[in-house]
Amino acid sequence: MGEISAIENRAACTENRLVELIDTYDKLVFSICYKLTGDYFTSEDLMQETFLSAFQKYDTFDGINEKAWICRIATNKSIDYLRSASRRNVPTEDAFFETEVEMRGSPEEICMEEEIKNELTRQCEELKPPYNEVARDYYLKELSAREIAERRGQSVKTIQTQIYRAREMLKKKYRREETA
């Protein structure tokens, strides 16, 4: 009977054995997870997952080098987390708005950009047809020559020529305003 209970102890992890594992290896497991992920809170979660996995899979442990076995589980959990992190990368509200601010620039740059856009709109409107419409579509709506051609039912070559002519007209208008 004594041999059976020893075999049963090796086959399944008891709660007491789990507590011993945690007390012995918690700092080591946490440090492995932290070194791999660089995130304190994620490392705590991965440490819990490591011990849970060890508890559930204790019957597959051969009993040799327990420390290496726990370290391997922690490493694998961390690597799995890092692999899946890019798939579930959801920016926080703060991170989203910080990125938006960086992309748009400073308030002064935004204001200048708006002024330039308004001036370009005014200049495009002053061109004679069909150049005003083509310039508006190309410079303000940022449509390609192909997209403009499809919308207007004209050939791409015709639209490219109109864009070129509209650009030259706009250059002349801007030069006149600079010298005035």
Side-chain angles (χ1 to χ4, degrees), residues 1-122 124 135-148 150-151 163:
M1 279 295 219
E3 290 178 50
I4 294 172
S5 65
I7 291 170
E8 287 174 3
N9 277 343
R10 262 187 264 140
C13 186
T14 62
E15 287 183 35
N16 290 336
R17 182 67 188 126
L18 178 63
V19 170
E20 289 174 16
L21 287 174
I22 293 171
D23 288 343
T24 306
Y25 300 113
D26 64 336
K27 290 177 181 57
L28 175 64
V29 169
F30 178 82
S31 67
I32 290 169
C33 295
Y34 186 74
K35 284 179 184 175
L36 289 171
T37 65
D39 185 295
Y40 182 87
F41 297 107
T42 300
S43 300
E44 285 184 332
D45 292 342
L46 291 171
M47 180 177 68
Q48 289 177 359
E49 288 180 31
T50 298
F51 288 114
L52 178 63
S53 182
F55 180 75
Q56 292 170 340
K57 304 287 184 181
Y58 199 78
D59 59 333
T60 63
F61 175 54
D62 62 7
I64 302 170
N65 204 350
E66 186 175 72
K67 183 177 180 180
W69 179 66
I70 291 284
C71 290
R72 175 53 39 204
I73 294 172
T75 302
N76 288 343
K77 291 287 181 187
S78 298
I79 290 170
D80 289 345
Y81 170 81
L82 291 172
R83 284 184 183 149
S84 67
S86 62
R87 286 187 292 240
R88 65 175 185 276
N89 187 12
V90 179
T92 62
E93 191 174 312
D94 293 340
F96 174 76
F97 288 116
E98 286 171 6
T99 305
E100 280 297 307
V101 169
E102 288 173 13
M103 288 173 42
R104 292 213 48 203
S106 69
E108 182 181 357
E109 289 172 339
I110 294 169
C111 186
M112 289 293 292
E113 195 175 296
E114 197 66 33
E115 260 185 63
I116 291 169
K117 191 173 182 178
N118 289 339
E119 179 61 23
L120 181 59
T121 302
R122 189 180 65 74
C124 287
R136 192 178 332 109
D137 287 346
Y138 187 76
Y139 292 112
L140 301 172
K141 294 180 183 175
E142 298 180 3
L143 299 175
S144 69
R146 179 176 305 282
E147 291 170 323
I148 297 168
E150 288 172 3
R151 285 183 173 193
I163 291 170

Checklist entry - Which residues satisfy the side chain to side chain donor-acceptor pair (under 3.5 Å) test with Y34, sequence neighbours excluded? => result none

Item to check | Rounded distance (nearest 0.5 Å) linking atom CG of L140 with atom CG of L120 | outcome: 4.5 Å

Checklist entry - Which residues pass the salt bridge (Lys or Arg N to Asp or Glu O under 4.0 Å) test with E150, sequence neighbours left out? => result none

Item to check | Worked check of side-chain contact (heavy atoms from CB on, under 4.5 Å) between I116 and E119 | outcome: CA-CA 5 Å; I116 291 169; E119 179 61 23; 5.8 Å; no

Checklist entry - Going from OG1 on T37 to CD1 on I32, what distance comes out if it is rounded to the nearest 0.5 angstrom? => result 11.5 Å

Checklist entry - What residues, two or more places apart in sequence or in another chain, satisfy salt bridge (Lys or Arg N to Asp or Glu O under 4.0 Å) together with K27? => result none

Checklist entry - What's the shortest heavy-atom distance between C124 and A135, and which atoms? => result SG-CB, 3.7 Å

Checklist entry - Taking only residues two or more places apart in sequence, or in another chain, which ones meet S144 in a side chain to side chain contact (heavy atoms under 4.5 Å, CB included)? => result R146, E147

Next on the checklist: Applying side-chain contact (heavy atoms from CB on, under 4.5 Å) to Y81 and K77, what does each step give before you reach the verdict?
Outcome noted: CA-CA 6 Å; Y81 170 81; K77 291 287 181 187; over 6 Å; no

Checklist entry - Looking at F55 and E15, what are the two nearest heavy atoms and their distance? => result CE1-N, 4.3 Å

Item to check | side-chain hydrogen bond (donor to acceptor under 3.5 Å, both in side chains) contacts in which one or both residues fall within residues 44-56, not counting sequence neighbours | outcome: Y40-E44

Checklist entry - Counting heavy atoms not belonging to F51, are there more than 12 under 6.0 Å from its CZ? => result yes

Side-chain atoms of residues 63-75: list all donor-acceptor pairs with protein atoms under 3.5 Å, sequence neighbours left out, distances to 0.1 Å.
from, atom 1, to, atom 2, distance (Å)
N65, OD1, A68, N, 3.4
E66, OE1, R17, NH2, 2.7
E66, OE1, Y25, OH, 3.4
E66, OE2, R17, NH2, 2.1
R72, NH1, N76, OD1, 3.1
T75, OG1, C71, O, 2.8

Item to check | Closest approach of I163 to Y138 (non-hydrogen atoms, all atoms of both residues) | outcome: CD1-CD1, 3.4 Å

